[in-house]
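Below you'll find the structure, written out as structure tokens, and then a few comments.
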Amino acid sequence: MRYSGFGIRFFYFFAMSNDQLSKRTYDYDLNPISDFDPITSTDDYPEGNRIADHAVLAFDDQFYLLFSGNNDNLLSLFSCEANGQRTGFFQIQEGGDIPANDPHLVSDGERSCARWGKSGYDKRVQCFDPDLNPVTEIIQIETPSPVPQLGTTIFHKNEYWSFTGAASQRDLIYTRYNS
């Protein structure tokens, strides 16, 4: 997320540091302004698990972070203010047969939606209001072509645009959805 109000110009960078998802602030010349500040804790996932992948969304003056665990079945969503103060947490999936690695997180301006699933046609989606209350059940969707997990989704011109790699990860697949 970039911030450039009142002459202040910086952006936030989210990465793993000391087995925790952390936030760091940089100026536009890529100089660090802060240390890595952890925004997760080991209480966020079961013993024997750690964060493997994450997706970040800036929405409604907050950050929404979706993370999966290394056991490929944990999927959690939390929200925090720019200072890292947590404002919400929701456990989407703690087990099951649907892989949660490389999740997507997107907002249509009113809600945020998580998308996850194994490479291929079958994916899962669940949407939330800004307070992380589910506004949909977990929905199974079938993509029009087989796509891997890795990639991102954006909302543009009333459509969801998904950018993923082909199975070989050498080609780009661009898929548009209306819902």
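Quantities reported herein were computed from a predicted structural model and do not represent experimental measurements. The chain is numbered in sequence order, starting from 1.
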From [X] [atom1] over to [Y] [atom2], what is the distance, rounded to the nearest 0.5 angstrom?
X      : Y      : atom1 : atom2 : answer
Leu132 : Gln62  : CG    : CD    : 8.0 Å
Tyr121 : Ile141 : OH    : CD1   : 14.0 Å
Asn73  : Glu94  : CG    : CD    : 8.0 Å
Ser22  : Ile51  : OG    : CD1   : 8.5 Å

Arg24 and side-chain contact (heavy atoms from CB on, under 4.5 Å): which partner among Tyr12, Phe36, Phe11?
->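 With Arg24 as partner, side-chain contact (heavy atoms from CB on, under 4.5 Å) holds for just one option, Phe36.
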Minimum heavy-atom separation for Leu65 to Val56, with atom names?
->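 Scanning both residues, the minimum pair turns out to be CD2-CG2, 3.7 Å.
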At their closest point, which heavy atom of Ala55 faces which heavy atom of Pro103, and how far apart are they?
->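 Distance-wise, the nearest heavy atoms are CB-O, 3.7 Å.
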Taking only residues at least two apart or on different chains, which pairs with a member in residues 134-165 satisfy ring pair (Phe, Tyr, Trp, His ring centres under 6.0 Å)?
->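 Every ring pair (Phe, Tyr, Trp, His ring centres under 6.0 Å) pair that includes a residue of residues 134-165, provided the two are not neighbours, is Phe155-Tyr160, His156-Trp161, Trp161-Tyr174, Phe163-Tyr174.
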Give the cluster check for Leu57 versus Trp116: same hydrophobic cluster or not, with ILVMFWY residues linked at side-chain heavy-atom distances below 4.5 Å.
->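 Yes, Leu57 connects to Trp116 through the hydrophobic network.
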Mind checking whether Ile98 and Ile92 sit in one hydrophobic cluster, side chains of I, L, V, M, F, W, Y counted as touching below 4.5 Å?
->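 Linked, Ile98 and Ile92 end up in one cluster.
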Does the separation of the ring centres of Tyr64 and Phe128 fall below 6.0 angstrom?
->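 That pair fails the under 6.0 Å test.
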Neighbour count above 12 (heavy atom, 6.0 Å) for Gln91 CD |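 More than 12 within 6.0 Å, yes.
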Which of parallel (below 30°), tilted (30 to 60°) and perpendicular (above 60°) describes Phe63 and Phe14?
->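 Phe63 and Phe14: perpendicular rings.
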